[in-house]
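One-based numbering along the sequence shown.
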Amino acid sequence: ILGRVGAGQLTYDDKIADCCTPYYYRIKGVSSGEFSNEVEVPEQDDWPPAPATELLAGQVTSTSIEFAWWDNSQHETGFRLERKQGNGDFETVVELAPNSFRHDDQGLTPGTQYTYRVIAFNDNGDSSPSNELTEKTLLPPAAPSELSATPKSTSRIDLSWQDNSDEGADDNEDFFEIFRAEADSDPDSSSSYSRIKTVFAGVTAYSDTGLEADTTYYYKVRARSLE
């Protein structure tokens, strides 16, 4: 079944017919159960390609959105992915090879809403656009603050920090990473720090044990998401 129309309607537009495929059509009355005569539409070599359909989003991160769609044409030269923000105009993101069915749009702005569509094209012109799809990039987790370190013994330092993300919010972390630098390293250089522990979201304390006595240590805590 290609489609259904209401009683009294006398036309139907097959929007995904491909230029280079012959088709046969017939109509059946719902109440009578009888088919009409068949009509043949021969192969056309001067049509634009059939449009892509079922444009869907896959993985969404703070800076990228992955897409996939259904390729209904056998005669496209390629696909054009277009994007817009708000009420702006669509602009071309990328032109892809024929038979493409997915793309990962990268370099996006965190926490921003984008609308996409896909258009197939060949030497005879453009197809109708696919369905439009609107997605919003994620926000990176809010950075923790108020990190403090309290020596508890000659081999233990207790850390605590403020979790600045709300559980269930777009910018909520999935875990925290704890980093430590030794006293003889540069505490202002990120390369001086090694990750010593990963703790669950919502955890705001950690005890660092097995340390050397009379030694200075530096610490950092970073919120991360599983994007």
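- Between atom CD1 of residue I157 and atom OH of residue Y206 there is a gap of 11.0 Å, rounded to the nearest 0.5 Å.
- At least one donor-acceptor pair under 3.5 Å links the side chain of S185 to the backbone N or O of E182.
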Evaluate the criterion side-chain contact (heavy atoms from CB on, under 4.5 Å) for residue pair D214 and E212; output intermediate values, then yes/no.
-> CA-CA 7 Å; D214 197 27; E212 295 289 336; over 6 Å; no
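- A181 and S192 get closest at one heavy-atom pair: CB-O, 3.6 Å.
- Seen from the ring of F67, R102 does not count as a face-on cation partner, given the 6.0 Å and 45° thresholds.
- Atom NZ of K84 has more than 12 heavy atoms from other residues, nucleotides or ligands within 6.0 Å.
- Checked by atom type and distance alone, the side chain of T215 pairs as donor or acceptor with a backbone atom of A213 at under 3.5 Å.
- The main-chain N or O of A52 is never found under 3.5 Å from a side-chain atom of N72 such that the two would form a donor-acceptor pair.
- Checked against a 6.0 Å centroid threshold, the rings of F176 and W161 count as neighbours.
- Between the T92 side chain and the V94 main chain, no donor and acceptor come within less than 3.5 Å of each other.
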Could you check Y114 against L108 for side-chain contact (heavy atoms from CB on, under 4.5 Å), going step by step and ending with a plain yes or no?
-> CA-CA 9 Å; Y114 298 93; L108 304 177; 3.8 Å; yes
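- Judged purely by atom type and a 3.5 angstrom limit, S127 uses its side chain to pair as donor or acceptor with the backbone of A120.
- Note that the OG atom of S64 and the NE2 atom of H103 stand 10.0 Å from one another [nearest 0.5 Å].
- Note on W70 and F79: separate hydrophobic clusters, where clusters join Ile, Leu, Val, Met, Phe, Trp and Tyr whose side-chain heavy atoms are under 4.5 Å apart, directly or indirectly.
- Checked against ring-ring contact (aromatic ring centres under 6.0 Å, His included), Y193 has no partners two or more places apart in sequence or in another chain.
- Under a hydrophobic clustering in which Ile, Leu, Val, Met, Phe, Trp and Tyr are joined whenever their side-chain heavy atoms come within less than 4.5 Å, directly or via other members, I65 and L96 fall into the same cluster.
- Side-chain atoms of D105 and R83, non-hydrogen and from C-beta on, do get closer than 4.5 Å to each other.
- The shortest distance between side-chain heavy atoms of T150 and K152 falls below 4.5 Å.
- Looking at every heavy atom in both residues, H75 comes nearest to S73 through N-OG, 3.0 Å.
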Evaluation steps, side-chain contact (heavy atoms from CB on, under 4.5 Å), between T134 and Q113 | CA-CA 7 Å; T134 299; Q113 184 169 283; 3.3 Å; yes
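- Looking at every heavy atom in both residues, E173 comes nearest to A223 through CB-CB, 3.8 Å.
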Is there a salt bridge (Lys or Arg N to Asp or Glu O under 4.0 Å) between E82 and R80 once you walk through the steps?
-> CA-CA 6 Å; E82 297 184 341; R80 186 167 63 249; 3.1 Å; yes
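- There is no side-chain donor-acceptor pair under 3.5 Å between D208 and Y217.
- Of all heavy-atom pairs spanning D158 and S207, the tightest one is OD1-OG, 2.7 Å.
- Annotation: the span from E66 atom CD to L56 atom CG amounts to 11.5 Å, rounded to 0.5 Å.
- Linking Ile, Leu, Val, Met, Phe, Trp and Tyr residues whenever their side-chain heavy atoms come within less than 4.5 Å leaves F200 and F179 in two separate clusters.
- Here the side chain of S130 pairs a donor or acceptor atom with the backbone of V118 at under 3.5 angstrom.
- No continuous path of ILVMFWY side-chain contacts below 4.5 Å connects V203 to F175, so the two sit in separate hydrophobic clusters.
- For the pair E76 (side chain) and N99 (backbone), a donor-acceptor distance under 3.5 Å is present.
- Across every non-hydrogen atom of P49 and G125, the tightest pair is CD-O, 3.7 Å.
- Here the CZ-CD distance, from R222 to E177, works out to 4.5 Å after rounding to the nearest 0.5 Å.
- Not a single donor-acceptor pair under 3.5 Å links the side chain of T209 to the backbone N or O of R156.
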Listing, residues 137-149 side-chain donor-acceptor contacts under 3.5 Å, not counting sequence neighbours, or none:
residue: T137; atom: OG1; partner: T109; partner atom: O; Å: 2.6
residue: T137; atom: OG1; partner: G111; partner atom: N; Å: 3.0
residue: T137; atom: OG1; partner: T112; partner atom: N; Å: 2.9
residue: T137; atom: OG1; partner: T112; partner atom: O; Å: 3.2
residue: S145; atom: OG; partner: N164; partner atom: ND2; Å: 3.0
residue: S148; atom: OG; partner: S160; partner atom: OG; Å: 2.8

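- Taken from OG in S190 to NZ in K220, the straight-line distance is 6.0 Å, to the nearest 0.5 Å.
- There is no path of hydrophobic side-chain contacts, each under 4.5 Å, that joins I119 to F101.
- In terms of modelled atom types and a separation under 3.5 Å, the side chain of W69 and the main chain of R117 share no donor-acceptor contact.
- Heavy atoms only, all atoms of each residue included: L55 and L133 are closest at O-CD2, 3.8 Å.
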